[in-house]
Amino acid sequence: MNNISTLVRPSIAALKGYSSARDEFDGLEGIFLDANENPFGNLNRYPDPYQRQLKKQVSQWKNVSEANLFIGNGSDEIIDITFRVFCEPQKDKALILTPTYGMYEVSAAINNVALVKVPLTDHFDIDLAATKKALENTDIKLLILCSPNNPTGNLLDRNAMKHLITGFNGIVLIDEAYIDFSTEDSFNQWLTSCPNIIVMQTLSKAYGLASARVGIGYASEEIIGYFNKVKPPYNVSGLNQAAALATLKANDVYESQKEMIISEREKLKVALNKNALVLKQYPSVTNFILAEVTDADALYNALTAQKIIVRNRSKQINNCLRFSVGTPEENEQLINALHTLSI
Ligand SMILES: *Cc1c(COP(=O)(O)O)cnc(C)c1O
């Protein structure tokens, strides 16, 4: 394992981050005449740039020290910052295992970083030999592992992940956007033994807060320090921090919603299995099901005409649609529509 400081882009290592008014004085009481805010109103003050209250809650909830936490404006921001901290444009490369979440490719392109793609196996698991072979390319600075994977819905093999994480000399970004739906342990307990990992979760999926844009990053203190230098000073709004805090305090509600979503997923699975338009479905530990259908474009259009919007993934995986699990009523409407459609 290389030292983290040797993996950071030289311009970022040398960067002196912006020092905001709230960096220079972080007390809560006083007459604040330092940030050119309007003194009237209740959203008039800049929020805590380091989201300390929220981190305190997340720390207790996830059993990770506050110093190892980063809150992003959605986890999409964490993906972008990872590229910006570690990948020198037009020089370093990143490796992804396809098919996977589309934002990795977009973030790489925005940052002018070339992507190496290694296909997952037929069961959408890690092809260890091919991945290790690809990682022999020393330009690869960043490896992204999405587990559970989107849009396939499965966990990647944990031993293969461990093997890649411990054998790689660069940074590994582990995207756990759907981990809360599964019983799998997070890699966020691995920060000490594997200082080269960044683990990423989100409140957008299991915790019902997609609108608020709150992503959670877990990494070594050193990596968090670089992230803090690179992020916009007030990257998570005060409204969003408050929404996240309220959500974590009402954890029970989300635990029962999660159970409901999982039991609905199992019902949907049974119904899809019986449907002649569905040729195959892939096992899911998430809140969606990927299914191969007879004609993805035609079925997508027919469902859309009935105002049922699913995700057409047939460009990534031949004839596949991705069905998010909805409310019991919504799922029933989907199942009824699939029964009556003739395409
Ligand atoms: C939805 C999703 C994200 C984005 O989450 P936000 O926190 O809403 O930005 C990240 N990764 C994967 C795999 C996702 O499916």
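Computed from a prediction, not measured in an experiment: that's the story for all the values here. Read the numbers this way: they start at 1 and go in the same order the structure lists the ligands and their atoms.
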inquiry  = Salt bridge or not between R9 and E88? Use side-chain N to carboxylate O under 4.0 Å.
reply    = yes

request  = Indicate whether any N or O donor in one side chain lies under 3.5 Å from an N or O acceptor in the other, for Y50 and N235.
outcome  = no

Plane angle bin for Y254 and Y207 - parallel if under 30°, tilted between 30 and 60°, otherwise perpendicular = tilted

query = Which residue pairs pass the salt bridge (Lys or Arg N to Asp or Glu O under 4.0 Å) test with at least one member in residues 155-174, sequence neighbours excluded?
reply = R158-E184

Does ligand 1 have any N/O pairs with the protein under 3.5 Å, and how far apart?
unit_1	atom_1	unit_2	atom_2	d
ligand 1	5 (O)	S75	OG	3.0
ligand 1	7 (O)	S75	N	2.6
ligand 1	7 (O)	S75	OG	2.8
ligand 1	7 (O)	T202	OG1	2.6
ligand 1	7 (O)	S204	OG	3.4
ligand 1	8 (O)	S204	OG	2.6
ligand 1	8 (O)	R213	NH1	2.7
ligand 1	8 (O)	R213	NH2	3.3
ligand 1	9 (O)	S75	N	3.0
ligand 1	9 (O)	D76	N	3.0
ligand 1	9 (O)	R213	NH2	2.7
ligand 1	11 (N)	D175	OD1	3.4
ligand 1	11 (N)	D175	OD2	2.6
ligand 1	15 (O)	N150	ND2	2.8
ligand 1	15 (O)	Y178	OH	2.7
ligand 1	15 (O)	K205	NZ	3.0

task = Could you tell me which non-hydrogen atom of S314 sits nearest to which non-hydrogen atom of D297, and how far apart they are?
result = OG-OD1, 3.4 Å

remark   = Residues N275 and L277: closest non-hydrogen pair is OD1-N, 2.8 Å

